[in-house]
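Note that these values count all heavy atoms, side chains included, but never hydrogens, waters or copies made by symmetry. What you see is a predicted model; the values in this text were computed from it and never measured.
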Amino acid sequence: MKVEYDKIINKIIEDLIGYAYEDIINNDEEFREMEKKLCVHSKKMQDVLNHLDSRDRKVIEEYMEQVQCINGEYNNKIYVQGVKDCVQALKFFEVI
């Protein structure tokens, strides 16, 4: 039961983060500009990677993949902590 609950909660969190991301993309010009810059740098990074030998390229790609994985997990955990903090604050102010 616990595993199923965790899967459901994780799916809800993923969905909520996705909706928040869409909202940011649609309404935050500064964020969109940052993403455009990231896209430019990403293309430059890919050009650099293409000039490396396969062993060096693989090391960098694996590193970048691990960083993205950790960042995603961090974002999920920080989101959950934010929800917990919000509930604590609402209880403290006797809203709930």
Nearest-0.5 Å distance, CD1 of residue I9 to CD of residue E4: 11.5 Å
Nearest heavy-atom neighbours spanning N76 and I13: OD1-CG2, 4.0 Å
Atom pair CD1/CG of I78 and N71 - distance to nearest 0.5 Å: 11.5 Å
Worked check of side chain to side chain contact (heavy atoms under 4.5 Å, CB included) between V80 and V83: CA-CA 5 Å; V80 170; V83 170; 5.7 Å; no
Within 6.0 Å of CE in M64, more than 12 heavy atoms from elsewhere: yes
CD/E30: more than 12 non-hydrogen atoms of other groups inside 6.0 Å: no
Close side-chain approach of V87 to K91, heavy-atom, < 4.5 Å: yes
Crowding at CD, E33 (>12 non-hydrogen neighbours, <6.0 Å): yes
Exercise: identify the closest heavy-atom pair between D56 and D53: N-OD1, 2.9 Å
Ion pair check, K58 and E61, cut-off under 4.0 Å: no
N10 versus E14, side-chain donor and acceptor atoms under 3.5 Å: no
Residues E73, K77: salt bridge by 4.0 Å N-O rule: yes
Single-linkage hydrophobic cluster, 4.5 Å side-chain cutoff, L38 and V40 together: no
Taking every non-hydrogen atom, the tightest pair across I25 and R32: O-NH1, 2.6 Å
N/O donor-acceptor pair under 3.5 Å between D23 side chain and Y19 backbone: no
Spacing of L16 atom CG and K11 atom NZ [to the nearest 0.5 Å]: 10.0 Å
Linked, directly or transitively: V59 and L49 (ILVMFWY side chains, under 4.5 Å): no
L90 reachable from F93 in the ILVMFWY side-chain graph, under 4.5 Å edges: yes
Distance (rounded to the nearest 0.5 Å) between F31 CZ and K36 NZ: 13.0 Å
Close side-chain approach of Q66 to E62, heavy-atom, < 4.5 Å: no
Spacing of NZ belonging to K7 relative to CD1 belonging to I12, to within rounding of 0.5 Å: 14.5 Å
Where R57 and N50 come nearest, the two heavy atoms and their spacing: NH1-O, 4.1 Å
Atom CD of Q81 with >12 non-hydrogen neighbours under 6.0 angstrom: yes
Rounded distance (nearest 0.5 Å) linking atom CG of N75 with atom CD1 of I70: 12.0 Å
